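Notes follow once the structure below has been shown.
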Amino acid sequence: METVSKNRCFGGVQGVYTHHSDACACPMTFGLFLPEEAEQGPVPLLWYLSGLTCTHENAMVKAGAQGWAAEHGIALCFPDTSPRGEDVADDPAYDLGHGAGFYVNATESPWSAHYRMWDYVTEELPSIVTANFAIDEERQAVTGHSMGGHGALTMAMSLPGRFRSASAFAPICAPTQSEWGIKQFTAYLGADKAAWARHDATALMEARGFDGPILIDTGTDDQFGDFLSTEVLAAAMAKRRQEGAIRLQKGYDHSYFFVASFMEEHVAFHAEALWA
């Protein structure tokens, strides 16, 4: 692992690091914010998974999360959204290939050679982070935006006991029923719809739910609202009586202005679960 940059930030340190990934078979980059408390011992960790077209950098510089994390003594990890490089398969469309890994392990050519983002984010990167930084492995939570919200919710429900809480900003809630999902799952996972369902938050909610609290915010003026299927997940949560809330925020769109507006509440929501 190599250090790309380290900057003092809200009393802690915002770092950017690069390393070779065995899961993705290419170099990968991630951001990690450590609060001041990490100088004294392990701190809880909140994962932030970004959306389509993003890198590790978008949320790191736009979401305004570090100040609120510092207030609660929580670390933040910002993974990239896909493998990258000249030899990594790509597509001219913004919603497939570089910046659009969808947090799955691709099984179809040419994507399967590098696009193993599920293994990277759930296994490889956590091992690297906990081995090299003052992170409390037992106190982790997960959040994300759009495609990253999809990843956050599916990981939370698929890995019981891993995360104490889960939240999302405008998540893709039912990708097996959405233009943001059907295209990508067909490309990455092939025609086996059973494989798709394992990465669908609504299907997972119907099948197993989550063993902690969930918080979801989506704007009423989200320009991609038809792709998100918020109402489908809401119905599944209500039927299961899942602990949590879906809030429709009047006038907000899909941008990082929306994310930054509610980041304080999301970090506080996770802090309550992480420090309980």
Side-chain angles (χ1 to χ4, degrees), residues 44-51 59 63-65 67-69 71-72 74 76 103 139-178 180-181 199-276:
L45 174 62
L46 174 59
W47 293 88
Y48 183 99
L49 307 184
S50 290
W68 307 121
E71 186 174 300
H72 294 284
I74 294 171
L76 297 167
Y103 303 101
R139 296 177 184 267
Q140 298 190 41
V142 63
T143 188
H145 173 225
S146 192
M147 178 185 74
H150 137 78
L153 294 174
T154 56
M155 289 177 188
M157 286 185 275
S158 298
L159 302 168
R162 172 74 68 90
F163 303 109
R164 296 198 175 189
S165 51
S167 75
F169 301 87
I172 304 169
C173 297
T176 61
Q177 305 174 44
S178 168
W180 276 355
H199 295 282
D200 185 300
T202 297
L204 290 168
M205 180 59 65
E206 292 171 346
R208 65 183 72 173
F210 176 54
D211 53 359
I214 291 175
L215 174 62
I216 295 172
D217 279 313
T218 298
T220 61
D221 287 0
D222 192 307
Q223 61 270 44
F224 303 111
D226 290 344
F227 296 166
L228 303 181
S229 304
T230 308
E231 68 282 0
V232 179
L233 178 60
M237 286 179 64
K239 185 175 182 180
R240 175 164 285 279
R241 298 185 179 180
Q242 168 69 46
E243 177 186 6
I246 294 180
R247 309 187 303 188
L248 300 179
Q249 302 292 358
K250 185 176 181 180
Y252 285 89
D253 59 16
H254 201 73
S255 69
Y256 264 96
F257 296 110
F258 155 66
V259 173
S261 296
F262 298 98
M263 181 57 71
E264 178 183 7
E265 295 177 44
H266 280 245
V267 173
F269 164 78
H270 291 294
E272 182 177 358
L274 288 168
W275 288 114

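Quick caveat: nothing in here was measured; it's all calculated off a predicted structure. In what follows, residues are counted from 1 in the order of the sequence shown.
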Q: Apply ring-ring contact (aromatic ring centres under 6.0 Å, His included) to Phe269 and list each qualifying residue two or more places apart in sequence or on a separate chain.
A: none
Q: Let me see the working for Glu272 and His72 under side chain to side chain contact (heavy atoms under 4.5 Å, CB included), right down to the final yes or no.
A: CA-CA 9 Å; Glu272 182 177 358; His72 294 284; over 6 Å; no
Q.
Within the 3.5 Å criterion, strictly below it, is a donor on His270 or Ser165 matched to an acceptor on the partner's side chain?
A. yes
**Q.** Taking every non-hydrogen atom, the tightest pair across Gly149 and Ala168
**A.** CA-CB, 3.8 Å
Q) Which heavy atom of Ala156 sits nearest a heavy atom of Ala166, and at what distance? A) CB-CB, 3.7 Å
Q: Under the side chain to side chain contact (heavy atoms under 4.5 Å, CB included) rule, what do Ser158 and Arg208 come out as? Steps first, then yes or no, please.
A: CA-CA 9 Å; Ser158 298; Arg208 65 183 72 173; 4.3 Å; yes
Q. Which residues satisfy the side-chain hydrogen bond (donor to acceptor under 3.5 Å, both in side chains) test with Thr220, sequence neighbours excluded?
A. none
Q: Name all residues meeting the ring-ring contact (aromatic ring centres under 6.0 Å, His included) criterion together with His150; count only those two or more places apart in sequence or in a different chain, and write none if there are none.
A: Phe102
Q: Can you label the angle between the Phe262 ring and the Tyr252 ring as parallel, tilted or perpendicular, going by 30° and 60°?
A: perpendicular
**Q.** Minimum side-chain heavy-atom gap Leu228-His254 below 4.5 Å
**A.** yes
Q.
Can you tell me how far apart CG (Leu153) and CD1 (Ile216) are? Round to the nearest 0.5 Å.
A. 5.0 Å
Show every donor-acceptor pair shorter than 3.5 Å between a side-chain atom in residues 233-246 and any protein atom, with sequence neighbours excluded, or say none if there are none.
| from | atom 1 | to | atom 2 | distance (Å) |
| --- | --- | --- | --- | --- |
| Arg240 | NE | Met205 | O | 2.6 |
| Arg240 | NH2 | Glu206 | O | 3.0 |
| Arg240 | NH2 | Ala207 | O | 3.4 |
| Gln242 | OE1 | Phe210 | N | 2.9 |
| Gln242 | NE2 | Phe210 | O | 3.2 |
| Gln242 | NE2 | Gly212 | O | 3.0 |

**Q.** Check against side chain to side chain contact (heavy atoms under 4.5 Å, CB included), Tyr48 and Val259
**A.** CA-CA 12 Å; Tyr48 183 99; Val259 173; 3.8 Å; yes
Q. Does Leu204 reach the side chain of Thr154, with side-chain heavy atoms less than 4.5 Å apart?
A. yes
Q) Mind checking whether Trp180 and Phe224 have parallel, tilted or perpendicular rings, split at 30° and 60°? A) tilted
**Q.** Test log, rule side chain to side chain contact (heavy atoms under 4.5 Å, CB included), inputs Leu49 and Tyr103
**A.** CA-CA 9 Å; Leu49 307 184; Tyr103 303 101; 3.6 Å; yes
**Q.** Results of salt bridge (charged side-chain N to carboxylate O under 4.0 Å, His left out) for Asp217 - residues two or more places apart only
**A.** Arg247
(Q) Restricting to non-hydrogen atoms, name the atom on Ala141 and the atom on Phe163 that form the minimum distance, rounded to 0.1 Å. (A) C-CD2, 3.8 Å
Q: Locate the shortest heavy-atom distance separating Asp222 from Ala170; write the atom from each residue and the value.
A: OD2-CB, 3.5 Å
Q.
Suppose we screen for salt bridge (charged side-chain N to carboxylate O under 4.0 Å, His left out). Which residues come up paired with Arg162, at least two apart in sequence or across chains?
A. none
Q | Reported OG1-to-CG distance for the pair Thr176 and Asp200, which is rounded to 0.5 angstrom | A | 3.5 Å
Q: Looking only at non-hydrogen atoms, find the nearest pair between Cys173 and Thr202 and report the distance.
A: O-OG1, 2.8 Å
Q | Closest contact, heavy atoms only, Arg139 versus Ala276 | A | NH1-O, 3.6 Å
(Q) Quick check for you: to the nearest 0.5 Å, what is the distance between Asp221 atom CG and Leu248 atom CG? (A) 11.0 Å
Q.
Are Asp211 and Pro160 packed together at the side-chain level, in the sense that at least one heavy-atom pair is separated by less than 4.5 angstrom?
A. yes
Q. Should Thr218 and Pro171 count as side-chain neighbours, where that means a heavy-atom distance under 4.5 Å?
A. yes
Q. Rounded to the nearest 0.5 Å, what separation is found between the NE2 atom of His266 and the CZ atom of Phe169?
A. 4.0 Å
Q | N/O donor-acceptor pair under 3.5 Å between Gln223 side chain and Asp253 backbone | A | no
